[in-house]
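Contents: one structure, followed by commentary.
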Amino acid sequence: MNILVLNCGSSTVKFQIIQSDPERLENGSERRLASGLLERIGSQALITFKAEGQTPHKSTAPLKDHRDAIDQILRWIVSPEAKIDSIRALSDLDAVGHRVVHGGEKFQKSVLIDKKVVAGIEDCIELAPLHNPANLKGIRACQDLLGEGVPQVAVFDTAFHSTLPETAYLYGLPYHLYLRHRIRRYGFHGTSHRYIAFKYGQVMGLEPKDVNIVSLHLGNGCSACAIKNGRSIDTSMGFTPLEGLIMGTRSGDVDPSIVDFLHSKEGLSIVEIDTMLNKQSGLLGVSGLTSDMRELEQEETHNQDRRARLAIDLFCRRVQKYVGAYLAIMNGADSVVFTGGIGQNSDVIRQRVCAGMDWLGLKLDEHKNRTLPRGEGGEISADDSKLKIMVLPTDEELMIAQDTVRCVAGARCG
Ligand code: AMP
């Protein structure tokens, strides 16, 4: 089956076309036929298309909305320039899998999209006002451009965390607020953490029920997840993706009283403070330089920039605190797994996160860590480390494609 995997953001559309054999799911037999990114939708968009085995093709075009962007993708896929053997016409696309950010309490696994599902995703807009509308635009554009005959599947970022126990998802707020407004921890990056649990099991030859790990997704957005018996039992992002670890531009955990204090001291509105916490904080806010970890590492090394170092130190300390907290509640874990752009690529951050944690059984092998090829998976713990330390590149698109195949085949969706 040829699956179009779509990830629609507010002004971006990312896609992959994954060819998957329904008989051999989970065997790593998938082929990536093409991928691409369309940015700055709503104005002169930047477009990158790449077909398997070819160099990326970059261009610009005025794209007024997501429908225009997806139309552009579909035209390119079947064009002679793309040279995708298996796709000559749009009828060669068998299904579409959409990343949907928020499924609330309603969606606990991936689902085949129908009118009821669209209404359910609309109901979750109040929980994810920036993300779900863009996901819905993608779904509607595909219905429009490909017709109702092409099945579409929604894969939710929150779904993997639907197994959180009450003690993990409730806040210490008046209980009626949960009943009235569903204010609770939902958690995000679920598809990535689920992939890490799946991949770890595959690499170690374990049944899903035997996977006990702390998964660290460290990228522009960052989250930690305690995975016990293959299920998420706690995670650092909360009601929104703002909570938890320090991220590129998000603060992560802060004392909520700071909001009121800032309102009175700086005269900022609630909306302005929310923007500050989401867009001007984290690595960017502390360093005053950049939200990009690679650039911060360079500033620290080459210019001895104090605030770049401070931002990295804060980042690593927060990760350490979550690793410690999750090991404390898990009553036994086998491994800490790094993923995401930072986790997969930065030996420096991995080393600083693991530093001083050997007393609790986490001991890095500095040589293995340093020499692990960038972007590749592998074990980086010392031979006498009680817990394994692993690096596994995440692959949310693969999970979305696999779920799409399963849902379309009428099997349990994931
Ligand atoms: P993601 O959101 O998963 O794409 O991750 C983006 C983050 O990964 C950015 O902060 C990048 O600077 C960081 N990153 C990517 N490659 C490296 C690297 N080699 N060293 C340090 N950080 C990196």
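Throughout, residue positions are numbered sequentially from 1 according to the sequence presented. Start at 1 and go down the list; that is how both ligands and their atoms are numbered.
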Residue and atom name of the nearest protein heavy atom (relative to atom 18 (C) of ligand 1), distance in Å to one decimal: Asn345 CB, 3.5 Å
Would you say the side-chain atoms of Ser291 pair up with the backbone N or O of Gly248, donor to acceptor, closer than 3.5 Å? no
Contact atoms of ligand 1, heavy-atom distance to Gly219 under 4.0 Å: 1 (P), 2 (O), 3 (O), 5 (O)
Only heavy atoms count here, so choose which of Gln298, Arg294, His189 is nearest to atom 22 (N) of ligand 1. Arg294
Expected output: side-chain Ser385 to main-chain Lys363 donor-acceptor under 3.5 Å: yes
Give the residue, atom name and distance (to 0.1 Å) of the protein heavy atom nearest atom 3 (O) of ligand 1. Gly341 N, 2.8 Å
Test item: Ser236 side-chain N/O and Ala224 main-chain N/O as donor-acceptor pair under 3.5 Å: yes
Would you find a donor on one side and an acceptor on the other, under 3.5 Å apart, between the side chain of Thr12 and the backbone of Glu39? no
If you measure every N or O of Leu218 against every N or O of ligand 1, does any of those distances drop under 3.5 Å? no
With distance as the sole criterion, is a donor-acceptor pair present between the side chains of Tyr322 and Asp234 under 3.5 Å? no
For atom 10 (O) of ligand 1, find the nearest protein heavy atom and state the residue, atom name and distance (0.1 Å precision). Met293 N, 3.0 Å
Measure from atom 7 (C) of ligand 1 to every heavy atom in Leu283, Ile342, Ile312 and give the option owning the shortest one. Ile342
Contact region, Glu295 to ligand 1, non-hydrogen atoms below 4.0 Å, reads neither
Could you tell me whether Arg182 sits above the aromatic face of Tyr178, with NZ or CZ closer than 6.0 angstrom to the six-membered ring centre and within 45 degrees of the axis? yes
Within 4.0 Å of some non-hydrogen atom of Arg374, the atoms of ligand 1 are 19 (N)
Identity and distance of the protein heavy atom lying nearest atom 12 (O) of ligand 1: Asp292 OD1, 2.6 Å
Quick check: does Asn220 get an N/O under 3.5 Å from an N/O on ligand 1? yes
Are more than 12 heavy atoms, taken from residues, nucleotides or ligands other than Lys14, located less than 6.0 Å from that residue's NZ atom? no
Would the distance check show the side chain of Asn229 and the main-chain N or O of Lys209 forming a donor-acceptor pair, the cut-off being under 3.5 Å? yes
